[in-house]
Amino acid sequence: MSDRNEFAGTRRALHGIAELVLAGPQHSLNGKIRLRVTPGGFGTVFEPDLRVEGVHLIAAGQRLPVNGRTYAELAAAAGVEARALTEVYSDGPGITPDEVITVDADAAAHLANCFALGQEALMRFLPHAEIVLWPEHFDLGVSADEVNYGISPGDSYLGEPYAYVVPWQVPAGDFWTAPFGAARSVRELGDAEAILAFFEEGHRQIQHAARRR
C-alpha cells in the first residue's frame, strides 16, 4: 500500500467521487443514496449506472480517467452533474465540485480489496441483510438487532481501513476497545475469514452481555 499521506488523500478523493459523482446524481434521479461494492471499487445501485474501478470511472462503456479532472468535469464526462448531499446529511467529505481529483492506484486497490473482504464477510455473517456503502462516511455496513457491523475506510479514530462492531449500547468488557464499540484494522485481521470471526465474536459478546442483565 502507498504511504499514509497518499492513502488518506486517495481515500478522501474516492469519498468525493462516491458522493458528488455517484450518490448525488443517483439521488437526483431516484431519491436514493445507497452505493455498493463492485469489482475493483464501488458503484451506484440505481440509475445512472456508474462505478469506480481503480483510477477510472466506468460510464456507458467508457473508462474515464479520474486523475487531473475536477469532480464537475468527471461528472460531466459521464453525462451527469456533480452535486453534494448536504441536504441529506451534514457529515460528508466536504468536497466541492471544482476540486481536482488525485487518486493513487495502489491506495485505491488496497481500499477496494478491503471493501471486497468486508463484503464477503458481511454476506457470510448476515446473508439476508442489505449491505450498503454509505456515501456520508464512505463505510460499508449492515444493521441488525441494534448493532452496526461493517468496514470503515479509515477516519480520525484510525487512519486505515478497519472492521467495526458498534452496538447502540456498548457493553462492558475487554472486547470493546474503541469509544464507539470495537474496531480491528483490516491489515491486522488479514482476510475475510478473520473479519467474519470478528463480527461473530462481537455478536457473541453482545448476546452474553444481554443474558447477564
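Computed over heavy atoms, backbone and side chain alike; hydrogens, waters and symmetry mates excluded. We number each residue from 1, following the sequence as shown. Quick caveat: nothing in here was measured; it's all calculated off a predicted structure.
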Donor-acceptor under 3.5 Å (His137 side chain, Ser152 main chain): no
Hphob cluster co-occupancy, Leu122 + Leu196, side-chain heavy atoms under 4.5 angstrom: yes
Chi angles and distances behind the side chain to side chain contact (heavy atoms under 4.5 Å, CB included) call for Phe42, Val37: CA-CA 4 Å; Phe42 54 93; Val37 171; 5.6 Å; no
Parallel, tilted or perpendicular: ring planes of Tyr157 versus Tyr162, cut at 30 and 60 degrees: perpendicular
Atom pair CD (Glu160) and NE2 (His110), whose distance is rounded to the nearest 0.5 Å: 6.5 Å
Shortest non-hydrogen contact between Ile33 and Ala23, atoms and distance: O-CB, 3.8 Å
Hphob cluster co-occupancy, Ile131 + Phe199, side-chain heavy atoms under 4.5 angstrom: yes
Rounded distance (nearest 0.5 Å) linking atom OG of Ser28 with atom CG of Leu85: 8.0 Å
Side-chain donor or acceptor of Gln207 paired with backbone N/O of Arg204 under 3.5 Å: no
Glu201 side chain vs Phe198 backbone, donor-acceptor pair below 3.5 Å: no
Audit row: Asp145, Ile206, side chain to side chain contact (heavy atoms under 4.5 Å, CB included) steps and yes/no: CA-CA 10 Å; Asp145 300 323; Ile206 292 165; over 6 Å; no
Stepwise side chain to side chain contact (heavy atoms under 4.5 Å, CB included) check, Arg124 with Glu193: CA-CA 9 Å; Arg124 292 169 62 185; Glu193 192 71 35; 2.8 Å; yes
Side chain to side chain contact (heavy atoms under 4.5 Å, CB included) assessment of Arg51 paired with Leu57: CA-CA 6 Å; Arg51 64 183 177 89; Leu57 177 68; 6.0 Å; no
Note, Ile101 side chain near Ile17 side chain (heavy atom, < 4.5 Å): yes
Main-chain N/O of Val103 paired to Asn67 side chain as donor or acceptor, under 3.5 Å: yes
Val186 to Ala163 - nearest heavy-atom pair and separation: CG2-N, 4.2 Å
Glu19 vs Glu136 side-chain heavy atoms within contact, under 4.5 Å: no
Transitive ILVMFWY side-chain link Ile151 to Phe125, under 4.5 Å: yes
Donor-acceptor pair, side chain of Gln26 and main chain of Phe46, under 3.5 angstrom: yes
Asp98, CG atom: more than 12 neighbouring heavy atoms under 6.0 Å: yes
Point-to-point distance, once rounded to the nearest 0.5 Å, from CZ of Phe7 to CG of Leu14: 8.5 Å
Minimal non-hydrogen separation, Val147 against Val165, with atom names: CG1-CG1, 3.8 Å
Row check, Phe175 ring normal vs Arg184 NZ/CZ: under 6.0 Å, within 45°: yes
Shared hydrophobic cluster, Val45 / Val80 (ILVMFWY, side-chain heavy atoms < 4.5 Å): no
Gap separating the CG atom of Leu20 from the CD1 atom of Ile95, nearest 0.5 angstrom: 7.0 Å
Gap separating the CG atom of Asp191 from the CG atom of Asn113, nearest 0.5 angstrom: 10.5 Å
Tyr164: ring pair (Phe, Tyr, Trp, His ring centres under 6.0 Å) partners, not counting sequence neighbours: none
Donor on one side chain, acceptor on other, Ser143 and Asn148, under 3.5 Å: yes
Distance (rounded to the nearest 0.5 Å) between His15 NE2 and Arg12 CZ: 10.0 Å
Shortest non-hydrogen contact between Ala78 and Ala59, atoms and distance: CB-CB, 3.7 Å
Sub-4.5 Å side-chain heavy-atom contact between Pro167 and Gln169: no
Short side-chain to backbone donor-acceptor contact, Asp155 and Leu158, under 3.5 Å: yes
Arg4 bridged to Glu6 by N-O distance under 4.0 Å: no
Donor-acceptor pair, side chain of His27 and main chain of Arg83, under 3.5 angstrom: no
Glu200 versus Tyr149, side-chain donor and acceptor atoms under 3.5 Å: no
Asp174 atom CG: more than 12 heavy-atom contacts under 6.0 Å: no
Donor-acceptor under 3.5 Å (Ser90 side chain, Thr86 main chain): no
Basic-acidic side-chain contact under 4.0 Å: Glu47, Lys32: no
Single-linkage hydrophobic cluster Leu140~Met123, side-chain heavy atoms < 4.5 angstrom: yes
Test item: Leu111 and Pro161 side chains (from C-beta on) under 4.5 Å apart, heavy atoms: yes
Side-chain donor or acceptor of Arg36 paired with backbone N/O of Thr44 under 3.5 Å: yes
Least distance between heavy atoms, Val21 atom then Leu50 atom: O-CD1, 3.4 Å
Nearest non-hydrogen partners of Gly54 and Ala108, listed with the distance: O-CB, 4.0 Å
Pair Phe115 + Phe138: ring centers closer than 6.0 Å: yes
